[in-house]
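This report refers to the structure that appears directly beneath it.
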Amino acid sequence: MTPRARVAAGVALAVVVLCLLAAAPFVLGDYGLGLMVGMASFAVLASAWSLFSGPTRYISLATVAFFGVGAYSVAVLAEKIPYPLVLLSAAGIGLALALLVGLATLRLAGVYFVIFSFGLAELVRELVTWFEVNVTGTLGRYIFLPLEARHIYWQLLGLLAITLAIGCWIGRSRIGLALRAIGDDEMVAAHSGIAIARTKVALFALSATLITLVGAVQSPRWVYIEPNMVFNPTISFLTVIMALLGGPTRLFGPLLGAVPLFLLFEWLSANFPNHYPILLGALFITLAFVLPRGVLAFAEERLAAARARRGAAAPAPPRPAVAAAPAAAPAPGVER
Amino acid sequence: MSALLEVRGLTRRFGGLVAVDGLSFSLAERETVGLLGPNGSGKSTVMNLVSGALSPSAGSVRLRGLDITGASPDRVARAGVGRTFQLVRVLSSLSVLDNVRLALAFGPDRLWGAECDRRARHHLDEVGLGGRGGERATALTYIDQKRLELARALAGKPSVLLLDEWFAGLNPTELALATRLIGSLRERGIAILLVEHIIEAVRELCPRCIVLAAGRRIADGPTDEVLAEPEVLRSYLGDADA
């Protein structure tokens, strides 16, 4: 198959899958649709997070800052302007915040960036809480929009399609190569002609804008929101662990991590409501030990090892192990 | 000869330490100049100042008259200054070919697609890595990683190439090969500033040398004469009566 034909086949397959997924509300009940909404939401969060953090290995815990800002933008604007404008405004606010944060922090690297991003999310939550208590005089807000679960689901599905399309485009463009180079060695990347700061800020802002939109789109489902709900740091942690489980450097990796983990979390929180956080922590630790590079990388390594064993059993042309696993990227370790 | 690279009064202070102190020199088109000096004399700092990795505390750097003093490394690279690193640095998650494609994609020509691939393969052929583009960069041997670094630097279309101890760690056969390879760059019109401790390579490649001691230039002239100067010998070996 020529590369062009492969792309066409890929696009056709994606459209078919998207149509099938879009039909879910017609066959699923309320509970099933609720699950699909949650799954789609985390699939976008993990995929959008990986656009920036996957290749560059900057582990951001600021996901919930943008998610919450999206939700609050809708809560504040929903009754003032038409819904499409609400979404556009939320995206604009997320983008502006991301550019501000990006310009201020992307000179930080490694664990300092992780801590800053976590601190940012807490700061935004505290600021919103302070504002609500001291200025508006109430803690929570109601969102009354004529949107049902299926409308929210379709919007999230659209957002997922957009996020994956952007990820696919980045992976094939020079920006994708630049991001991977930045993840490997910023100094070499800079001396190869890449404008490091601009590239990082642009991708961080793109990723954050998509995350903001997830919060905005999902918020009408809750009807009532308050800071502790939409700025809950667990959302940031879940996003990271989902992306890392699937493999944040692969297009479909985060999706592959988000779906099973979301279902598992649902099952755990329903069946072990009191022990849920303990089980969650244990799971994170296990994943970090067993699958530090994600499911996809793990599967590729196993496949390569099996192929190498078969090659050794039959006198096939010898292939060095390193050449047999060229795509295995190094761990996006939390130390960066 | 007109000056291609013009460095004037270059100074860099780290707190109380003056790593490079009022250094001036120029590099003409196609000229290969050795930058020598004992450890800690400021050679690598000069490389970092010229390539934009560090900003000077004072002084100026001009490339073909264009002021690149304190410019960011990517701007300096696109202006035409390529470099390799003292400790070899290849991009570990990328293939050999992608290491070179990167410099073409963000170099002055901003190549992408088939032409980028073709040129990347050409640069790999040039340094003797033809046919190995699909391997992971870290799977290469030490000398091959050095070759890859050179291919990446050449892909950026440099008019000045900064080589920081590029010959270190090579065995005699590799050294002979490497010397031929670097020598061939002169014919392509590239000027080279060579930081090196391996004197045979310097003698073979550099008709002219600059010697630094404690950040200051203590000699600049024909290599044989410079290496025979008592002050240069003293800076390397110390005083006989010390």
Side-chain angles (χ1 to χ4, degrees), chain A residues 2-4 7 54-57 106-107 169-202 247-250 293-294 297 300-301 304 319-333 336, chain B residues 47-48 51-54 71-85 87-114 116 120 132-140 148-149 152-153 155-158 162 164:
Chain A
T2 64
R4 196 178 285 261
V7 171
T56 62
R57 303 181 212 175
L106 288 179
R107 293 195 187 279
W169 172 76
I170 287 175
R172 293 163 157 271
S173 73
R174 71 183 86 208
I175 312 244
L177 191 58
L179 289 172
R180 284 159 66 204
I182 290 171
D184 274 351
D185 188 331
E186 288 197 16
M187 184 141 171
V188 170
H191 286 289
S192 301
I194 299 169
I196 301 286
R198 208 166 55 205
T199 309
K200 284 194 297 188
V201 171
T249 53
R250 312 291 203 283
R293 302 203 262 170
E300 274 168 22
E301 278 164 28
R319 277 178 86 182
V322 262
R336 273 233 48 175
Chain B
M47 296 301 226
N48 285 334
S51 66
L54 287 174
S72 58
D74 56 294
R75 260 196 62 206
V76 176
R78 282 195 300 274
V81 178
R83 74 170 293 179
T84 64
F85 297 88
L87 299 170
V88 66
R89 290 172 99 147
V90 295
L91 297 166
S92 57
S93 77
L94 301 187
S95 69
V96 170
L97 190 71
D98 279 346
N99 263 269
V100 184
R101 282 171 77 223
L102 181 78
L104 290 163
F106 292 91
D109 295 338
R110 292 188 70 82
L111 293 178
W112 194 244
C116 181
R132 305 189 61 183
E135 292 179 31
R136 271 188 84 178
T138 40
L140 298 179
L148 177 57
E149 246 198 346
R152 192 174 63 208
K157 248 188 168 178
L162 311 174
D164 200 348

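Reminder, nothing fancy here: chain letters follow the sequence lines and each chain counts from 1.
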Just by distance, do the side chain of B/Arg101 and the backbone of B/Cys116 share a donor-acceptor pair under 3.5 Å?
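Not confirmed, B/Arg101 side chain does not pair with B/Cys116 backbone.
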Quick one: what part of B/Ser95 sits under 4.5 Å from any heavy atom of chain A, side chain, backbone, both or neither?
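For B/Ser95, there is no contact with chain A at all, as no heavy atom is under 4.5 Å.
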Could you look at B/Leu111 and say if it's the side chain, the backbone, both or neither that has a heavy atom under 4.5 Å from chain A?
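Looking at B/Leu111, just its backbone touches chain A.
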Top contributor to chain A contacts, counting heavy-atom pairs under 4.5 Å, from B/Ala105, B/Ala103, B/Ala155, B/Gly156
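With the most close heavy-atom pairs to chain A, the winner is B/Ala105.
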Is it the case that over 12 heavy atoms from other parts of the model lie below 6.0 angstrom from the CZ atom of A/Arg172?
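Open: at most 12 neighbouring heavy atoms sit under 6.0 Å from CZ of A/Arg172.
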Neighbour count >12 (heavy atoms, 6.0 Å) for atom CZ, B/Arg89:
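Yes, enclosed.
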side-chain contact (heavy atoms from CB on, under 4.5 Å) assessment of A/Val188 paired with B/Arg152
CA-CA 10 Å; A/Val188 170; B/Arg152 192 174 63 208; 3.3 Å; yes
